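Data block below; observations after.
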Amino acid sequence: MFRLAPWKVASILALVFCAALVLVPSFLAPATVAAIQARLPSFIPVRPITLGLDLQGGAHILMEVDTPSVIKTQVETLRDDVRAKMREGKISISGGIAMQPRGVVIRIAEPAERARALSLLQSLNQPVGGALTGATGRSLDISDTGGGAIQLQLTDVAINEKIHRAVTQSIEVLNRRLNGAGTKETNVQQQGSDRILIEVPGLQDTTKVKELLGATAKLEFRLVGDPGDPPSEVDMLPQQQGGGTIPVQKQVMVAGEDLVDAQPSFDSRTGEPDVNFRFNLRGGQRFGQVTSENVGRLFAIVLDGKVISAPRILGPITGGSGQITGNFTVEQADNLAVLLRAGALPAKLTVVEERTVGPGLGQDSIEAGKHAAYVGGVLVVVYMLTTYGIFGVFADIALAVHILFIFASMALLGATLTLPGIAGIVFTIGMAVDSNVLIYERIREEAHLGRTVISALDAGFKRAFATIIDSNVTMFVAAVILYLFGSGPVRGFAISLGLGILTSVITAVTMTRMMIALWYRNRRPSVLPI
């Protein structure tokens, strides 16, 4: 029969009340919201609706991958690989390994040894590219240039592939850094072949963000050079404390890529801020092996080409964890921990363009969206009242609850409200009453067939339900596809559209049914007013 149990009515009203409570923080000052959140348990969501860059302004930063640094890193990796191959084949090199802008050169006097070296080095020449990148080829051009010299040059395909990977990896690292720093709803996306666009809503001071974005965060552990080391095997690196330089071996003993965690803390002996780090299994084993084999030597901790500290290895460190000290402030230690947790950037990034967008344009957009919503809402309300009378009132109330549920859902999910999102909400205002129209027209048909009032109401809701689901599923699938394959403004529109479709179905079937059931129980009409 066409009736609702009292507990169902109470549940619906409680849901509406909770949705209204969820939206309260959106009308309060940020300080008030923070104070309320501090007093409530963490599992209770207290967050305002987040506005996008186009609505509240923010920072717009365009960064470019430094191609020369990418090539330099590749050349240095190639040098280390060549050295390892020569050691593997026990082949002596005359004068070390000479680095060139796009490759390396080694000299081997003996023809037989040189031929064997060429054979060993061919294993470094790997295929690169593929169907996804649109280019294929080999990573190296290896040739005997005469005079006992073997030249290894990076190919254009290998360099372009490396730049593509550097951009992709940088986007992932930048996302982790910005989120780890407490910045939310950022948009980080590729622009062109070697540029990255970063948009941070609500941010007007870009100093801290640029510090997080500009630091490469390349952490290395290297042994301090001995007096007898060849100059070609040692780098003179600046020290972060006290100035000056210190000789550090080129070979990286343990890389920062093996870090799994880094947290700011305080030194138990000095009380100064520091950073505790922890390696994965591979890094922990390598760290333990290096410290076991080099007891008494200085072990340099190098970050972005600067020696933070160079403590002496007093004994094997096999626990897979360690500590970085360097006269940090609390903020510096916290930022360093964020950078290390996020991982190192694969290449240096330079700021090409930087600007802040004021909220004035966003306010204009909000006002325009409000006007569109008001006009659309008024037209829908008037049409429903004119066409369906008291049932139109029920549909209009359900429409108001529908809009309430959309904003409450966005606040709970932490979704960003953008200008396209406002357009999606305005669009759903017109769609929201479609379900009510289907129900009401079905009720009319049933009444014209001679059914009683209660029978027509019951049949109208039951028989219109399948049509409502069919008509909304296809639109919801379109919203899901827009969200999965779109980005930026397209996603904002897809989120508001998807939430609007879900809430419109819920309010039409549940809210409208509840109000009509309560109306029928109180009035007991003999004729339907539609």
Side-chain angles (χ1 to χ4, degrees), residues 66 68-70 72-81 83 99 166 169 173 177 211-212 214-227 229-264 267 272-280 282-284 286-291 293-314 317 320-328 332-333 335-349:
D66 187 10
S69 70
V70 174
K72 181 182 177 183
T73 301
Q74 280 188 286
V75 172
E76 290 174 349
T77 303
L78 177 60
R79 176 200 62 196
D80 295 339
D81 291 341
R83 181 184 292 111
M99 295 179 60
Q169 294 172 6
V173 172
R177 287 187 183 184
E211 289 177 356
L212 289 174
T216 309
K218 186 176 182 180
L219 182 67
E220 299 172 336
F221 295 85
R222 305 196 214 171
L223 291 170
V224 174
D226 290 328
D229 290 337
S232 60
E233 302 294 326
V234 175
D235 288 328
M236 298 300 297
L237 299 181
Q239 299 184 78
Q240 188 173 21
Q241 301 178 27
T245 59
I246 182 173
V248 178
Q249 291 184 355
K250 291 182 179 293
Q251 183 179 4
V252 178
M253 307 306 293
V254 186
E257 286 81 358
D258 291 324
L259 283 177
V260 294
D261 191 25
Q263 296 292 336
D267 193 306
E272 294 182 350
D274 60 13
V275 176
N276 291 325
F277 61 88
R278 182 166 53 88
F279 287 112
N280 57 20
R282 182 184 65 179
R286 179 60 179 160
F287 195 72
Q289 179 184 355
V290 172
T291 53
E293 295 174 354
N294 296 276
V295 174
R297 296 190 60 178
L298 297 178
F299 203 23
I301 302 174
V302 183
L303 179 68
D304 289 344
K306 291 184 178 180
V307 178
I308 296 178
S309 60
R312 189 174 300 277
I313 302 174
L314 301 179
I317 305 175
S321 61
Q323 183 185 69
I324 300 176
T325 58
N327 289 333
F328 302 123
Q332 288 173 338
N335 288 343
L336 177 57
V338 169
L339 293 174
L340 296 180
R341 285 198 305 271
L345 286 171
K348 181 182 177 182
L349 298 178

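No hydrogens, no waters, no symmetry mates; every other heavy atom, side chains included, goes into these values. Only a predicted model underlies this, so the values are computations on that prediction, with no experimental measurement involved.
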| said: Can you give me the closest heavy-atom contact between Ala300 and Val224, atom names plus distance? | reply: CB-CG2, 4.0 Å
| field | Least distance between heavy atoms, Val75 atom then Met99 atom | value | CG1-CE, 3.6 Å
| Asp226 to Arg297 - nearest heavy-atom pair and separation | OD2-NH2, 3.2 Å
| query | Would one find more than 12 heavy atoms of other residues, nucleotides or ligands at under 6.0 Å from atom NZ of Lys72? | reply | no
| query | What pair of heavy atoms forms the shortest contact from Met236 to Thr245, and how long is it? | reply | CE-OG1, 3.4 Å
| field | Set of residues satisfying salt bridge (Lys or Arg N to Asp or Glu O under 4.0 Å) with respect to Arg83, sequence neighbours excluded | value | Asp80, Glu233
| Which residues share a side chain to side chain donor-acceptor pair (under 3.5 Å) with Glu76, sequence neighbours left out | none
| field | Heavy-atom pair with the smallest gap, counting every atom of Gln249 and Arg222 | value | O-CD, 2.8 Å
| message | Please report the interatomic distance CG(Leu237) to NZ(Lys250), rounded to the nearest 0.5 Å. | response | 8.5 Å
| said: Can you confirm whether Phe221 sits close enough to Val252 that some side-chain heavy atom of one is under 4.5 Å from a side-chain heavy atom of the other? | reply: no
| So, for Ile313 and Asn294, which heavy atoms are closest and what is the spacing to 0.1 Å? | CD1-O, 3.5 Å
| task | Name all residues meeting the salt bridge (Lys or Arg N to Asp or Glu O under 4.0 Å) criterion together with Arg312; count only those two or more places apart in sequence or in a different chain, and write none if there are none. | result | none
| What distance do Glu220 atom CD and Gln251 atom CD have between them, rounded to the nearest 0.5 Å? | 11.5 Å
| said: Let's go through Met253 and Phe299 carefully: what are the C-alpha distance in whole Å and the side-chain angles of both, what is the deciding distance for side chain to side chain contact (heavy atoms under 4.5 Å, CB included) to 0.1 Å, and is it a yes or a no? | reply: CA-CA 10 Å; Met253 307 306 293; Phe299 203 23; 4.1 Å; yes
